[in-house]
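As the structure is a prediction and not an experimental result, all values here were calculated from the model. Chain naming here is simple, since letters A, B, ... match the order of the sequence lines and numbering starts at 1 in each.
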Amino acid sequence: MSVLKSAVGRKVIMAVTGFFMVFFVLMHLLGNSTIFIGPEWINSYAEHLHDLPVVVWPFRGFMFVMLCLHVFFGITLTLENWGANPGKYAVSKKLKTTFAGKTMIWTGLLLLAFILFHLLHFTLKVVPEVPQVLDELGRFDVYTMMVAGLLNRVVAGIYIAAMIVLFLHTSHGIQSIFQTIGLNNERTLPKYNLAAKFLSAVFLIGFSAIPVLIVTWIIS
Amino acid sequence: MSEHTAHETMTLKLIVWRQKGPDEPGRFETYLARDITEHHSFLEMLDVVNEDLIREGIEPIVFDHDCREGICGTCSQVINGLAHGGQTRTTVCQLHMRKFKDGDTIYIEPWRAKAFPILKDLMVDRSALDRIIQAGGYASVNTGAAPDGNAILISKEDADYAMDAAECIGCGACVAACPNGAAMLFTGAKVSQFASLPQGREEGRIRVTGMLQAMQECGFGNCTNHYECQAACPKGIDVKFIARLNREYLKTLFM
């Protein structure tokens, strides 16, 4: 049976694509963190990144493939799992699973919607409208774009809500990666669980800090 | 001191899934379990109820049971939403009525999974687990003279690991408790048991691919790492055996 049809094979695809996306989120957070240092840093970071189209475009293509595979197998596996468990119990209690674990498909779909919104907002700069100006060194002013874009409380609220959803998704997802690729046992499982929650909390705090600090005029 | 003495009896309200046959629609029926003492096991309590039902001219509740010692894996009921009743490392037959109190309402349902069609009332067809075993859950032994017991040395560590995996009694509680109706803990335990022993490694590749294929063909779902299976397992089979199964599968792709 091919990997693309196998129960474990498809889960491994979920794990590997998920791993790369977590890695991307971490890199994205590190990049975004330059905003805390000042406009000079984030504008310079963005310019250097876009000066490397031979790296940026293949990387974007790679991440797009990762996302598509993750979404496709996430949806098909979930539908299969629903089909495998058609008769629900009148009384159902769970002993071990978490809210995050039970809502992976929903947090996943919400994140997909957020990714589309985020790309339209800050990458394609279409909706909602953001100021596109140059800084004093003639570079695209990412800092002004972000501050102006996130000053709207509704938009800032969407970003913070999305980061809570990301926290839920990765807190189950990161430990799942190791179990699915077979690098797990009774000693490592609690450690993976802890590491997943820690990294997810770093994502939540790190990314949410940006809209929170902008809305409160600490970054302006 | 227990809440009930030997002379005190309990009356319980049972809400039981009744289904005449595999293709018949099922429904819940309510019965009273009278004269139950704390010493009755859960199955003995059902025996008492069935005696009453027979006297009343009602067809008794069908449920699977065999050894009633917690080792055969035949009993299979979801009690108040938990496979085997939720007492840690305990099968239904070893669950005792001292865990309940007079006046309790108890929901009793069969295992529910696409791969386990209901045959009647609380009895389901678990032959899907046998089909997974038939697809590779064995080590072939050539005929001839019995091999020397000490010819292949096995470390205590490996033997213990294999015994932990071999504790699985194949009751299907993992499937019943899994939100996805997956049989990964069962399959993982069987694959790990053989994979950790030299006799099993010979057929490791065909075992893991065969058993996984059978698992899918039987209509079981896919694991999403909820770990409900381990919590429900009356033998405490660890989810590390699912990780081992995943590892053994990945080996077939690269080795």
Side-chain angles (χ1 to χ4, degrees), chain A residues 1-3 5-16 73-74 76-105 108 172-190 192-193 196, chain B residues 15 17 26 28 78-83 86 88 106-107 109-116 118 175-184 187 208-209 212-213 215-216 218-232 238-251 253:
Chain A
M1 188 179 275
S2 89
V3 177
K5 286 191 181 149
S6 156
V8 179
R10 285 177 296 166
K11 277 166 43 65
V12 169
I13 293 172
M14 289 298 287
V16 172
F73 286 112
T76 49
L77 284 167
T78 302
L79 292 176
E80 235 174 70
N81 291 345
W82 287 347
N85 193 6
K88 298 282 177 228
Y89 294 106
V91 180
S92 180
K93 284 186 198 138
K94 295 291 170 227
L95 297 168
K96 195 91 179 239
T97 190
T98 57
F99 177 75
K102 284 187 283 188
T103 52
M104 285 301 272
I105 183 67
H172 178 80
I174 293 172
Q175 60 84 23
S176 250
I177 292 172
F178 297 97
Q179 170 75 0
T180 301
I181 61 170
L183 298 177
N184 201 8
N185 60 36
E186 71 274 41
R187 291 185 305 280
T188 54
L189 182 59
Y192 291 144
N193 271 328
Chain B
I15 300 174
W17 184 260
F28 283 102
V78 171
I79 299 161
N80 287 338
L82 292 168
T88 309
I106 307 173
Y107 275 84
E109 299 177 67
W111 284 175
R112 292 191 194 275
K114 183 182 158 198
F116 289 165
I118 296 172
V175 178
C178 178
N180 310 327
M184 287 287 280
T187 311
V208 69
T209 50
L212 279 176
Q213 182 159 350
M215 189 184 85
Q216 273 179 269
C218 289
F220 291 105
N222 310 287
C223 177
T224 49
N225 309 323
H226 290 289
Y227 311 136
E228 283 296 323
C229 49
Q230 180 180 337
D238 198 288
V239 292
K240 72 179 175 188
F241 296 122
I242 297 180
R244 179 71 182 255
L245 168 64
N246 296 339
R247 202 152 72 230
E248 295 297 325
Y249 168 77
L250 282 170
K251 274 197 221 165
L253 300 180

Toward chain A, the part of [X] with a non-hydrogen atom under 4.5 Å:
{"X": "B/Ile242", "value": "both"}
{"X": "B/Ile118", "value": "neither"}
{"X": "B/Ala177", "value": "backbone"}
{"X": "B/Asn222", "value": "both"}
{"X": "B/Val239", "value": "both"}
{"X": "B/Thr224", "value": "both"}
{"X": "B/Phe116", "value": "neither"}
{"X": "B/Cys178", "value": "backbone"}
{"X": "B/Tyr107", "value": "side chain"}

Is a donor on one side and an acceptor on the other found under 3.5 Å between the side chain of [X] and the backbone of [Y]?
{"X": "A/Glu80", "Y": "B/Gly221", "result": "no"}
{"X": "B/Gln216", "Y": "A/Lys5", "result": "yes"}
{"X": "A/Glu186", "Y": "B/Lys240", "result": "no"}
{"X": "B/Glu109", "Y": "A/Ala90", "result": "yes"}
{"X": "B/Asn246", "Y": "A/Val8", "result": "no"}
{"X": "A/Lys93", "Y": "B/Asn80", "result": "yes"}
{"X": "A/Lys11", "Y": "B/Cys223", "result": "yes"}

With distance as the sole criterion, is a donor-acceptor pair present between the side chains of B/Asn225 and A/Gln175 under 3.5 Å? no

Got B/Tyr249 and A/Val3 here, is their nearest side-chain heavy-atom distance under 4.5 Å?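 They are in contact (side-chain heavy atoms under 4.5 Å apart), so the answer is yes.
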
Minimal heavy-atom distance between B/Pro179 and A/Lys94, with the atoms involved, is CG-CE, 4.2 Å

Could you tell me which non-hydrogen atom of B/Gly219 sits nearest to which non-hydrogen atom of A/Ala84, and how far apart they are?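 So the minimum-distance heavy-atom pair works out to O-CB, 3.5 Å.
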
Contact winner vs chain B - A/Lys96, A/His172, A/Lys102, heavy-atom pairs under 4.5 Å: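 Top count of heavy-atom pairs under 4.5 Å with chain B: A/Lys96.
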
Could you have a look at A/Gly83, A/Gly101, A/Ser6, A/Ser92 and say which one has the most heavy-atom pairs with chain B under 4.5 angstrom? A/Ser6

Which value, rounded to the nearest 0.5 Å, describes the distance between [X] atom [atom1] and [Y] atom [atom2]?
{"X": "A/Met104", "Y": "B/His226", "atom1": "CE", "atom2": "NE2", "value": "9.0 Å"}
{"X": "A/Leu95", "Y": "B/Leu82", "atom1": "CG", "atom2": "CG", "value": "5.0 Å"}
{"X": "B/Phe220", "Y": "A/Asn85", "atom1": "CZ", "atom2": "CG", "value": "11.5 Å"}

Candidates A/Thr97, A/Thr98, A/Leu189 - the one meeting side chain to side chain contact (heavy atoms under 4.5 Å, CB included) with B/Tyr227: A/Leu189

Crowding at CZ, B/Phe28 (>12 non-hydrogen neighbours, <6.0 Å): yes

Greatest number of non-hydrogen atom pairs under 4.5 angstrom with chain A, of B/Ala115, B/Ala176, B/Ala182, falls to B/Ala176

Between B/Arg112 and A/Lys88, does a side chain to side chain contact (heavy atoms under 4.5 Å, CB included) hold up when you go through it step by step? CA-CA 7 Å; B/Arg112 292 191 194 275; A/Lys88 298 282 177 228; 5.9 Å; no

Residue list, ring-ring contact (aromatic ring centres under 6.0 Å, His included) with A/Phe73, at least two apart or on another chain: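 Applying ring-ring contact (aromatic ring centres under 6.0 Å, His included) to A/Phe73 gives none.
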
Chain B contact via A/Arg187 - side chain, backbone, both or neither, heavy atoms under 4.5 Å: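 The answer is neither part of A/Arg187.
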
